Structures are given as structure tokens and as C-alpha cells.
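To find a chain, count down the sequence lines: A is the first, B the second, and so on, and within it residues start at 1. Computed from a predicted model, the values in this text were never measured in an experiment.
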Amino acid sequence: MASNHFYHKVYLTVAKIPYGKVATYGQIADYINAYGRARQVGWALRRLQLPSNVPWYRVINSKGFITMSFSRHGSDWIQKKLLVNEGIKVDSKMKIDTKQYLWIPKELPYKE
DNA sequence: AGAATGACGCTGA
DNA sequence: TTCAGCGCCATTC
């Protein structure tokens, strides 16, 4: 199915985020030639059934925060725990120091 | 089918 | 610097 292709690209790219690093929703959208579709990246990750082999927890919003939402049914707190387990510091406001942890790939992680 | 929703992000005041 | 407003669009109601 064509729509699943978008999700597949999201998962493929997210899987390339290195251990101990994070990326933003917009970044992922950008890398898969879907500039401006950060929301769809969020939908793709929300669709995952946990536990997943995709490191979904390494994706945060552009402000450097873990996005908190009741609709996530606790996965936001699980996200914090998993990131801390990788040595990433997450403060009490769910803020992450992007200067230190943001993934900056040297090459385009996804190519058509 | 039409409207609302949302794990987002840029812009401009 | 902060923040409301708007664009985005698949999914859900």
C-alpha cells in the first residue's frame, strides 16, 4: 500500500539515529523528502506497537522537549526513561540539550 | 461526506 | 525572547 511507504521511510530513517542521540520530527520529515509533514511523522510513531525494534523514543519536538500528551497513555514517560538509559539527560520539564545530543548526519540518511 | 483532532513547526508581532 | 496564529494532512469521529 502506498500510504505505508511513508511510514516505512519514517521507520527506516528513525532506525538510523545513533545510540545516545536524538532527532526531531521535522528533521525526519525533511530527510524523507516530506518537508512540512512533521505531524505525519508523529502519527507514524504513534502507530507503532510497543515494544518496537524502531528507536521511536529518540524522536523529540523541535523545541527540544519530549512531547507530553495524555493521549500517549504514558509512552511519554517511558520515552524519558529510555533516553536516560542511553545516557541522555532529560530535565524535570522534559527538556533535552539539543546542542549536545541532536543527531547531525554527515550524509543524507535516506535516498530515493 | 464533512469536521475535528493531533507524539509538529515556521513566522511575525 | 516569547507566543499566538496559521499551515500542514492522515486519521478518526
- request: Produce a footprint string for nucleotides 7-12 of chain B: one letter per nucleotide, 5' end first; B if the base is under 4.0 Å from any protein heavy atom, S if only the sugar-phosphate is, - if neither.
  value: BBSS--
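- Within the structure, side chain to side chain donor-acceptor pair (under 3.5 Å) contacts touching residues 95-104 of chain A (residues at least two apart or in different chains) do not occur.
- Checked against salt bridge (Lys or Arg N to Asp or Glu O under 4.0 Å), R58(A) has the following partners two or more places apart in sequence or in another chain: E86(A).
- Applying the side-chain contact (heavy atoms from CB on, under 4.5 Å) rule to K63(A) yields the partners N61(A), F65(A); only residues at least two apart in sequence or on another chain are considered.
- Residues of residues 87-104 of chain A that place a heavy atom closer than 4.0 Å to DNA chain C do not occur.
- Note that OH of Y19(A) is 8.5 Å distant from CD1 of I88(A), once rounded to the nearest 0.5 Å.
- In this structure, NE2 of H5(A) is placed 17 Å from P of dC9(C), rounded to the nearest angstrom.
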query: Are Y25(A) and T67(A) close enough, and set up right, to give a side chain to side chain contact (heavy atoms under 4.5 Å, CB included), and what steps lead you there?
result: CA-CA 11 Å; Y25(A) 298 98; T67(A) 301; 4.0 Å; yes
Verdict with supporting geometry, R47(A) and W56(A), side chain to side chain contact (heavy atoms under 4.5 Å, CB included): CA-CA 10 Å; R47(A) 227 188 196 209; W56(A) 55 273; over 6 Å; no
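- Each of T24(A), I17(A), I66(A), T13(A) was evaluated against V59(A); a single residue qualifies, I17(A), per the side chain to side chain contact (heavy atoms under 4.5 Å, CB included) test.
- Each salt bridge (charged side-chain N to carboxylate O under 4.0 Å, His left out) pair with one or both residues in residues 27-46 of chain A, not counting sequence neighbours, would appear here, but there are none.
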